[in-house]
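Notes to accompany the following structure.
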Amino acid sequence: MKAVEIIKDVYWVGGIDYDVRNFHGYSYTTHHGTTYNAYLITGEKTALIDAVYGPFSDEMFRRISSVVSTDEIQYVISNHAEMDHSGAVPEVLDRVKNATLVCTARATDVLKKHYPDGWNIQTVKTGEEVDLGGKTLRFYEAPMLHWPESMFTYYVEEEMLLPNDAFGQHYATEKRFSDEVDQNVLWREAEKYYANILWPLSRMVQRKIEEVVELGLPIKTIAPSHGLIWRKDPLQIVTRYLEWAKGERINSKVVITWDTMWQSTTKIARAIASGVNDEGLTPLLHLIPHSDRSDIMADLLEARGILVGCPTLHNDILPTVAPILSDLEVLKPVGKKCAAFGSYGWGGGSVKRIQESMERGKMDIVLEPFVLKWVPTDDELTKAYEYGREFARKVK
Ligand SMILES: Cc1cc2nc3c(=O)[nH]c(=O)nc-3n(C[C@H](O)[C@H](O)[C@H](O)COP(=O)(O)O)c2cc1C
Ligand SMILES: [Fe+2]
Ligand SMILES: [Fe+2]
């Protein structure tokens, strides 16, 4: 296991996790695994920028050792205290007793609660620098991108931005650069990452990007903490983030997601899909138990809207639908056009519950819910089809 020199004297020394299939307590599936990217900058003084998740520390040390002896590390830069990047930091500082840990003031508290105290810590604020001997690392605090203590490191001379979890993708591969891999997987993983981690933070994403643009920092390379490094037209991912943050990147898709007990709600979903399709939009159908909710949210990021369906069970929704509603509430697809549908037997209740979640997510409910009793008649299915057309016209 060797380091990969990505530009002169900057080495990727991370870990490749081919096996991980979920992140953040199963809130997020990682079909393509991930990488934990750590970077080594060698020179008069040597710095390690971020580390790997604990179980990958051996892999990281092997890669570091292929370039320098570990005890040559003088600075350990911790951009983000989350364990997938800080897990191996205690071991580094244990091996290199004199190294200085560089992080934001807020990170000291976070790190202290994760690991035993006693490190040599240098806190930095936006604009402060560390000189590695003609190689300058400048720091930019990036609170809530995506934790309060997060920061970006900028390698001035090489115009390289190391933004940790921003601009990443969960994609395990032997390749290190975004231009070397399957572009569909790359962008899908970038989109899924944004939808499931950054969507609720969109206002902060927008502000931070505008701030960096105003600074006029030249950027030749963006080296995130997960997945591939952006070297070819690196600003394309920044532009994409801005579009996602502003909700400006909209395709012709409509997400239709539901669950059912006895297929009535499925019949409604299919009729609605047919109507959406006949208005020239593309319905994406997700029967909830068959689909992963983090994939559904990834589909929703650029979609025109979403229809959520559920029959009534005990005056409420099916438990399988609750996770999607939770996602709508916490990921907050602000302004996304939406509506609810479902079958019921007597008092109903499911669509009301769905609408409450849509309201909590600050979404835009464009139609009254589509509901019917028990099994749909042909006439009711025609109405469901018309409802789909109407929804499509509202979101076009
Ligand atoms: C266990 C159970 C509980 C139900 N609870 C309610 C209820 O509280 N209120 C209601 O209006 N319908 C209730 N229903 C009726 C269903 O909503 C109705 O059968 C509906 O057509 C099912 O739609 P589906 O075929 O999409 O599963 C319940 C049905 C079952 C099986
Ligand atoms: Fe993180
Ligand atoms: Fe991370």
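Whatever order the structure lists ligands and atoms in, that order sets their numbers, starting from 1.
With the Fe ion (ligand 3) at the apex, D165 OD2 and H226 NE2 define an angle of roughly 130° (rounded to 10 degrees).
Using bins of under 30°, 30° to 60° and over 60° for the plane-to-plane angle, the ring pair W187/W230 lands in the tilted bin.
The nearest N, O or S atom of D84 is closer to the Fe ion (ligand 3) than 2.8 Å. For H85, the nearest N, O or S atom to the Fe ion (ligand 3) falls under 2.8 Å.
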For this session: Could you walk me through whether S357 and E329 pass the side chain to side chain donor-acceptor pair (under 3.5 Å) test, one step at a time?
Result: CA-CA 6 Å; S357 292; E329 291 180 24; 2.7 Å; yes

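Here the two rings, on H170 and H31, have centers that are 6.0 Å apart or farther. When ring centroids are compared, Y194 and Y241 come within the 6.0 Å threshold.
The protein heavy atom nearest to atom 28 (C) of ligand 1 is T312 O, 3.4 Å. Scanning the protein for heavy atoms near atom 8 (O) of ligand 1, the closest one is N315 N, 2.5 Å. The nearest heavy-atom contact from the protein to atom 31 (C) of ligand 1 is M261 SD, 3.8 Å. Looking at atom 23 (O) of ligand 1, its nearest protein heavy atom turns out to be P311 CB, 3.2 Å. Annotation: atom 20 (C) of ligand 1 to nearest protein heavy atom, S343 OG, 3.3 Å.
Ligand-side atoms of ligand 1 in range of G348: 9 (N), 10 (C), 11 (O), range being under 4.0 angstrom from any heavy atom. Close approach of ligand 1 to L313 (heavy-atom distance below 4.0 Å) involves ligand atoms 1 (C), 2 (C), 3 (C), 4 (C), 5 (N). Listed by atom number, the atoms of ligand 1 under 4.0 Å from W262 heavy atoms are 24 (P), 25 (O), 27 (O). Each of the following atoms of ligand 1 lies closer than 4.0 Å to a heavy atom of H314: 1 (C), 3 (C), 4 (C), 5 (N), 6 (C), 7 (C), 8 (O).
Residue-ligand proximity: G347 is placed with a non-hydrogen atom under 4.0 Å from ligand 1.
Inspection of the Q169 and H226 side chains reveals no N or O donor paired with an N or O acceptor under 3.5 Å. Side-chain contact annotation: T29 with S294, donor-acceptor N/O pair under 3.5 Å present.
Considering V205, D327, V330, L300 as possible partners of W199, the one that fulfils the side chain to side chain contact (heavy atoms under 4.5 Å, CB included) test is L300.
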